[in-house]
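Heads up, the thing below is written out as structure tokens.
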Amino acid sequence: MTETSKPSSDSNSSGLGSAGAELPKQYKPADHEERIRARWDAAKAFHADPQRVLRGEAKPYCIVIPPPNVTDRLHLGHALNNTLQDVLARSHRMMGFETLWMAGTDHAGIATQAVVERRLKKDEGLTRQQLGREKFVAKVQAFKDEYEKIITDQLKLMGCSCDWDRQRFTMDEVCARAVREAFFRLFKDGLIYRGKRLVNWDPVLQTAVSDDECYDEELDSSFYYLRYPLVHRGTALPGGGLSDPQPITWNELARGGYPGAEQHPGEEQAWVTVATTRPETYLGDTAVAVNPKDQRANALRGLFVELPLVGRIIPIIEDDYVVLPAAMQADPEAAKSDPKAVFATGFLKVTPAHDPNDYEIGLRHKAAIEACGNAVLINMLAPDGSVSDKHGWTDVGDAHLFVGLPREKARKKVLEEFKARTVDNSSVPLLAETKPYRHSVKHSDRSKAIIEPYLSDQWYVKVTDDRLAPAANRALVAEQRKAEQQSGRAADGDGALRFYPARYAKTYEQWHDGIRDWCISRQLWWGHRVPVWSKSLADSANENVNSFAANEEIPKSMFDRLWSTFPSHLNASQLENMGFWVRDFFVPSTNEYVRYVCASSGVTAISVGQIESLGFAQDTDVLDTWFSSALWPISTMGWPDPRAAGPAFDGLLQAFNPTTTLCTAREIITLWVSRMVMFERYLMPEKWQAEKTTPKALESLAQNGQGRGPLPFKNVFIHAVIQDGEGRKMSKTLRNGLDPLDVIATHGSDAMRFTVCQMTTQTQDVRMPMTVDPATGRNTSPKFDLGRNFSNKLWNAARFTMSMLGASSHPTSDIPHPTSLIDRWMLSRLATATKEINDSIANFEYSNYAQTMYDLLWRDFCDWYLEAIKPTIATDKAQQAVLRATLDCILRLLHPIMPYVTEAVYEQVRLIPAATVRGISLGASRKGDLLCTAGWPEVNASLRDEKTEAAFERARALITAIREVRSQHAVQPKRRITLHAPAGLLDADASALVQTLAGVETITPSAPAANSVAMAFESSQLHLSNLKDAAAAGDTTAERERLQKVISDNEKSIATLEGRLNNPGYAQKAPPAMVKQTQDQLAKAKADKDAAAAALAAL
RNA sequence: GGGCGGGUAGCUCAGUUGGCUAGAGCAUUCGCUUUACAUGCGAGAGGUCCAGGGUUCGAGUCCCUGCCUGCCCA
């Protein structure tokens, strides 16, 4: 096998005949895949040369891989995603595009860190803190190396034609530089800021996590009802300060018109009851809210409650966010279906630092809360989730008994205390009631801990800025945008981004419309460290107290003035000359100035050492993984400075950016697609398209596009998600996942690829039932049999073809244009299929592509063409040329989906000298005689011939009809029978087809002598005879049944067709051609029925 | 709550501007060691296109309502 692929055998045409015969009967993927891959590698077949693009020798085609996370091996979803990309890459490479498929992996910050932390705990019993940051990061690095290799090997085994010489990793030096530069530019432009917000906090990993790193789980919990005593806030004392708060009695409330107050002992202190599922958070309450529509609101206006134990006085505020109890609602019955209304008391404890909704309420009622001398936000938890007075809670009072307790224990303790204690001056316990309640609770994906809404300082990207999210929406093509926002093209990237299928543009657009600023900091160790150093200075001169709001940026001169009192210092402009950007803030809570110094990507280690020696410390946080992913299309090509990245990056950005197509799953439209568009449009220069081919190109990269820059890609193809046989997501925990390597082991890479392509329709989910392969014990799926069988079919079709062409001599010139029906038909089918495939590729219709190939190879080529040419191929030179060319075209057309088997077959087929077939152009291979760089077949549309196809269909209909009779009559398959047909019914070509394919020995106009069977064909009656030996003839039962069925089928048709024609509106309004067609059908059905009836009568 | 899908043969799915008597693969039935392929060849059987309305000469396809189911966002 390998010998024949060596150049030395090129001239040895005598060996070709035997080459085909030597091929084994079955295609065994394992015998070929590794060798084929080695040939691709040796020829550097997938290495893109940007200079060919820049010299104008080829058009570019570029895909960047959605970098797989290094957390784990690839699963079948990756196999799908990457197969689809490879089909695009391979087809365009063959079409002559200079094709770059950029490969790489993603560091996947929290996911990878969590995996390694679990491993560390399991293997060594250590936490990351015990190991220390540096050693821990080294461990993650080793883990990453291990999985990066596994992933790369998996991709290679799948046949992915990535440019492996250009593989990147989101944390390698080239990508890291891009991250630092992007951060710097956004920081400098004020689009990155530091903010104190509520985030999803994972108390185990002790980091902020994003919503997509959380999941909801239903838990059995309880609603707890807490009584808060009502008070008057103290009155102003002559010497300043306030008197003690005074209890409010029920009598007083009753006088204020509080409904039901008179039912309580009049002299006792009154209270309100709040319902909560998290009673421990009461320590951070800063208000109690009531709905203004609540009848009790009026009597409570201007009153306060005193938080038990803490003693904090907080206002009662009115906010219509508060849910009215069911009984108070307009439709109490309807309200009973709303669990919140059922459980509500009408009073809501407001804990702005520990609940997102309360946070909003707190901001709305800031003045009322602060008037009590409290901050709106009181954070009563430490980062590990324990109650703490060190993180923003100062008025502990008698609540110190809770301090230091973890969340769960604190909850228990609060309930115990509230149960044991009473409202002052009464016997009413503070804990009113407990009701069981089942609700969904947010958990951290990575640690499984319950998420705590937590107030913390984080870095944000101001994506709400017009130059980011709105600019991303302007990128959409006009027809995929909301009509009212359509506008003309203003810049490079405007109006050129297109989603396939189009409906996903809506997801994309709505995301940007409702977007909030993006929290990019994570309190992790694995990731890109935030490139900001900071230093605080106390406001020693006390000169600016109260003149700046929290976290307000201040003039740099102010910090410089304080700074200048130190013996050695660098002022802001000196720092900026070193490549830093400086921003100064005042923090009122600590009465300090903070200088943030952000390093550009060009800042040297020396400069960093210098500022660190001055007391600047680098931020310990790392960036959200998506920050580096967002830069992927440009970071992988050397942005911001390809020259610094190395010679391999020469011309890459200019040749391949914007890339052509991004191929991904819908779940990351918002997380990734959006951010790539925002970042590239912001960071890449506005006139990139025009300038990238000029000598100024690299210099222009220093300019930000400010939202008017180019796009990272023009097309976004969103493909289906693979689920298991029950429609569940494939997951590790369910063990319902498939490893592509298992599928490759059981079925071969091509089989997997063909099957996933065939499954890829425009829907959003596809199901993949999984079974265990009995032979190997591996997880696989019977679905892949389809692809395996198809590979085998190609293999055998090629084997047959080579045995035919190898056995005869085949001249390479002076071949007449084929005239036989079957050859013209084959060429016509080929032309039709080629067009269909070209259209399918252009529209990402993979299933259609695969199906068209299947029909072309299996149905047209194997079932009909190869069977039909058997009698003539040995001597018909024109037919030999058609056979050779057709197989060659099929190999080329199929190669993008099934690269291995086609390449393996091509090794043989290319050695057969080819004669030119008019209308078919097959370009030579560009590298190493490989099919993967051979020309995409050009099949002239003039080869499509409707008359030929119709003539063939006619013959095929007759053949099928005869086969049916044969089957019904149990005619021996090898038996050659006689067809009685009027002279002139069939021409020579059609007769030959019928004889070959229907097992007909003789076609004669004479009437059958005896023992014949009648059959209808095109309104006339034909007969078949010589079906059986005379002795066996005589049983007419089968024939009766067959004819009865023909009659009843036709009667059904007649009824349908007559009904249609008798409809008066039909003849008037339907197109005449349609009416004519129906009439013809009716005539045929009637004739068929009559013929069958006559035959039945004659029996 | 808002948005987007899906519901067609036993199973998995096609069905592109409304127009053959609704297709494919698997499974199933019958017959074949037909000399490329049994991972194959030939021939069958199998569907109230979720339900109900509407538009139309004509609806799996378009519109409305409902039911079931999945995903995304809040």
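Each chain gets a letter, A, B and so on, in the order the sequences are listed, and its residues count up from 1.
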Original post:
Which of these nucleotides, rA74(B), rA43(B), rG19(B), is closest to any side-chain atom of Arg516(A)?
Top reply: rA74(B)
Original post:
If you measure from the P atom in rG47(B) to the same atom in rG23(B), how many Å do you get, rounded?
Top reply: 13 Å
Subject >> Rounded interatomic separation in angstrom, taking CG from Asp860(A) and C1' from rA24(B) >> reply: 14 Å
Subject >> Atom-pair distance (CE on Met759(A); P on rG25(B)), nearest Å >> reply: 17 Å
Subject >> Per-nucleotide protein contact string for nucleotides 27-39 of chain B, where B marks a base within reach and S marks sugar-phosphate only (heavy atoms under 4.0 Å, - for neither) >> reply: -----S-B-BBSB
Subject >> Atom pair distance, as rounded to whole Å: NE2 in His719(A) and C1' in rG5(B) >> reply: 16 Å
Subject >> Residue matched to rC4(B) through Watson-Crick or wobble contacts both under 3.5 angstrom >> reply: rG70(B)
Subject >> Near-ring test Phe717(A)/Tyr846(A), centroid separation under 6.0 angstrom >> reply: yes
Original post:
Given the P atoms of rA24(B) and rC41(B), what is the spacing between them in whole Å?
Top reply: 15 Å
Original post:
Between rU21(B) and Gln1081(A), is there an OP1 or OP2 to side-chain N/O distance shorter than 4.0 Å?
Top reply: yes
Original post:
Can you check the Ile959(A) CD1 to rA43(B) P distance for me, whole Å?
Top reply: 10 Å
Subject >> Atom pair distance, as rounded to whole Å: CG in Leu786(A) and P in rC13(B) >> reply: 14 Å
Subject >> Spacing of the P atoms in rC26(B) and rG40(B) (rounded, Å) >> reply: 7 Å
Subject >> Partner of Met752(A) by side-chain contact (heavy atoms from CB on, under 4.5 Å), out of Ile744(A), Thr746(A), Thr780(A) >> reply: Ile744(A)
Subject >> P spacing across the pair rC63(B) / rG70(B), given as an integer number of angstrom >> reply: 24 Å
**OP:** Sort out the partner of rA38(B) for me: Watson-Crick or G-U wobble, both distances under 3.5 Å, none otherwise.
**Re:** none
Original post:
Just how far, in rounded Å, is C1' of rU21(B) from CG of Leu1057(A)?
Top reply: 7 Å
**OP:** Hunt down the Watson-Crick or G-U wobble partner of rA9(B), both distances under 3.5 Å, from any strand shown, or write none.
**Re:** none
Original post:
Is any side-chain heavy atom of Phe844(A) less than 4.5 Å from a side-chain heavy atom of Leu84(A)?
Top reply: no
Original post:
Using atom P of each nucleotide, how far apart are rU39(B) and rA27(B) to the nearest Å?
Top reply: 11 Å
Original post:
Which part of the nucleic acid, if any, lies within reach of Arg976(A) when heavy atoms closer than 4.0 Å are counted: base, sugar-phosphate only, or nothing?
Top reply: nothing
Original post:
Quantified in whole Å, what is the P atom distance between nucleotide rA51(B) and nucleotide rC4(B)?
Top reply: 24 Å
Subject >> Most 5' of Asp1049(A) and Glu836(A) on RNA chain B, judged by nearest nucleotide >> reply: Glu836(A)
Original post:
Does Ser847(A) make a side-chain N or O approach to OP1 or OP2 of rA14(B) shorter than 4.0 Å?
Top reply: no
Original post:
Any idea which of rC20(B), rG25(B), rU12(B) is nearest the Gln1077(A) side chain?
Top reply: rC20(B)
Subject >> 5′-ward residue of the pair Lys506(A)/Pro782(A) relative to RNA chain B >> reply: Lys506(A)
Original post:
When you check the side-chain N and O atoms of Glu1001(A) and Asn1026(A), is any donor under 3.5 Å from an acceptor?
Top reply: no
Original post:
For Asn843(A) and Tyr500(A), does a side-chain donor sit closer than 3.5 Å to a side-chain acceptor?
Top reply: no
Original post:
Taking only side-chain nitrogens and oxygens of Arg1060(A), does any of them come within less than 4.0 Å of OP1 or OP2 of rU21(B)?
Top reply: yes
Subject >> More than 12 heavy atoms of other groups within 6.0 Å of Lys793(A) NZ >> reply: yes
**OP:** Determine which nucleotide pairs with rC49(B), using a 3.5 Å limit on both distances of a Watson-Crick or G-U wobble pair.
**Re:** none
**OP:** Round to the nearest Å and state the distance from Lys1076(A) atom NZ to rG19(B) atom C1'.
**Re:** 16 Å
Subject >> Euclidean distance, Gln880(A) CD relative to Leu883(A) CG, rounded to 0.5 Å >> reply: 8.0 Å
Subject >> Pairing partner of rC62(B) (Watson-Crick or G-U wobble, both distances under 3.5 Å) >> reply: rG54(B)
**OP:** Hey, could you give me the NZ/CZ distance between Lys28(A) and Arg788(A), rounded to the nearest 0.5 Å?
**Re:** 9.5 Å
Subject >> Sugar-phosphate, base or nothing in reach of Ser1053(A), heavy atoms under 4.0 Å >> reply: base
**OP:** Can you tell me the distance, in whole Å, between the CZ atom of Arg975(A) and the P atom of rA43(B)?
**Re:** 20 Å
**OP:** Report the residues that fulfil ring-ring contact (aromatic ring centres under 6.0 Å, His included) with Phe1017(A), sequence neighbours left out, ordered by chain and then residue number.
**Re:** none
Original post:
Rounding to the closest angstrom, what is the interatomic distance between rU29(B) and rC62(B) at atom C1'?
Top reply: 40 Å
Original post:
What nucleotide, of rC13(B), rA43(B), rC73(B), holds the atom closest to the side chain of Glu964(A)?
Top reply: rA43(B)
Subject >> Separation between the C1' atoms of rG1(B) and rU8(B), rounded to whole Å >> reply: 32 Å
Subject >> Any donor-acceptor pair under 3.5 Å from Ser847(A) side chain to Thr761(A) backbone >> reply: no
Original post:
Among rC4(B), rU21(B), rA74(B), which nucleotide sits nearest the side chain of Trp511(A)?
Top reply: rA74(B)
